[in-house]
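Beneath this line is the structure, given in structure tokens, with notes to follow.
Predicted model only: the values in this text are computed from it and were never measured. One-based numbering along the sequence shown.
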Amino acid sequence: MTEATETFEATEKARIRIPTMAKIIDDFAFDQAGEFITAGQSTREATSIVANMLIRSAWTIASIAVIEAGGVPDKDKFRAAVESQLNSINFKIVEKEGGAA
């Protein structure tokens, strides 16, 4: 990936590793939310705290290589990547027995 490109081709080794790393990160995030719940935060607050931490980490890690290459991190590109990920996730709302979900 060069500074000017928007996408890159993952190597075969990276493609194989991506699902495992995604699961590790998901598991870690939910475990941390559980720690905040145990510390007295509501589920909604705990997951929000962890989500915000992950967003900060994502921005930092996404920016490091750009800075090292002499560039300036582009918040608009980062926002577009976040939007793309948000758009790739769809939740199915299931009504609970005896009332709305």
Side-chain angles (χ1 to χ4, degrees):
M1 181 167 126
T2 65
E3 178 94 20
T5 62
E6 300 288 326
T7 61
F8 62 93
E9 185 73 26
T11 65
E12 185 59 30
K13 286 183 180 181
R15 256 193 295 272
I16 291 169
R17 188 81 177 123
I18 288 171
T20 301
M21 288 303 299
K23 182 167 180 4
I24 289 169
I25 293 167
D26 280 351
D27 290 347
F28 178 78
F30 281 102
D31 288 346
Q32 297 315 300
E35 292 291 328
F36 283 109
I37 292 166
T38 299
Q41 298 299 138
S42 70
T43 300
R44 191 172 206 166
E45 293 166 340
T47 54
S48 182
I49 290 167
V50 174
N52 280 291
M53 289 177 174
L54 291 170
I55 291 167
R56 288 181 60 90
S57 292
W59 171 242
T60 301
I61 199 161
S63 300
I64 288 172
V66 174
I67 293 168
E68 287 180 352
V72 177
D74 186 334
K75 289 182 180 180
D76 290 330
K77 279 185 181 178
F78 184 77
R79 284 185 191 102
V82 170
E83 286 289 331
S84 176
Q85 290 301 310
L86 291 173
N87 291 333
S88 73
I89 302 168
N90 295 302
F91 295 99
K92 181 178 179 183
I93 306 299
V94 179
E95 279 195 38
K96 293 181 180 179
E97 194 173 310

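Applying the salt bridge (charged side-chain N to carboxylate O under 4.0 Å, His left out) criterion to Asp31, with sequence neighbours excluded, gives no partner residue.
The CD1 atom of Ile18 lies 14.5 Å from the NZ atom of Lys13; values are rounded to the nearest 0.5 Å. From Asn52, atom CG reaches atom OG1 of Thr47 across 10.0 Å, with rounding to the nearest 0.5 Å.
At most 12 heavy atoms of other shown residues, nucleotides or ligands fall within 6.0 angstrom of atom CZ in Arg44.
A donor-acceptor pair under 3.5 Å links the side-chain atoms of Ser57 to the main chain of Met53, judged by distance alone. Of the possible donor and acceptor atoms, one in the side chain of Ser88 sits under 3.5 Å from a partner among the backbone N and O of Gln85.
Taking every heavy atom of both residues into account, Val50 and Ala29 meet most closely at CG1-O, 3.6 Å. Minimum interatomic distance between Ile16 and Thr20 (heavy atoms only, all atoms of both residues): O-OG1, 4.5 Å.
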Can you give each donor-acceptor pair under 3.5 Å made by side-chain atoms of residues 34-41, sequence neighbours left out, with the distance rounded to 0.1 Å?
unit_1, atom_1, unit_2, atom_2, d
Thr38, OG1, Gly34, O, 3.0
Gln41, NE2, Glu45, OE1, 3.0

Show me the donor-acceptor pairs, under 3.5 Å and distance only, between side chains in residues 61-76 and residues at least two apart or in other chains.
unit_1, atom_1, unit_2, atom_2, d
Ser63, OG, Trp59, O, 2.7
Asp74, OD1, Asp76, N, 2.9
Asp74, OD1, Lys77, N, 3.2
Asp76, OD1, Arg79, NH1, 3.1

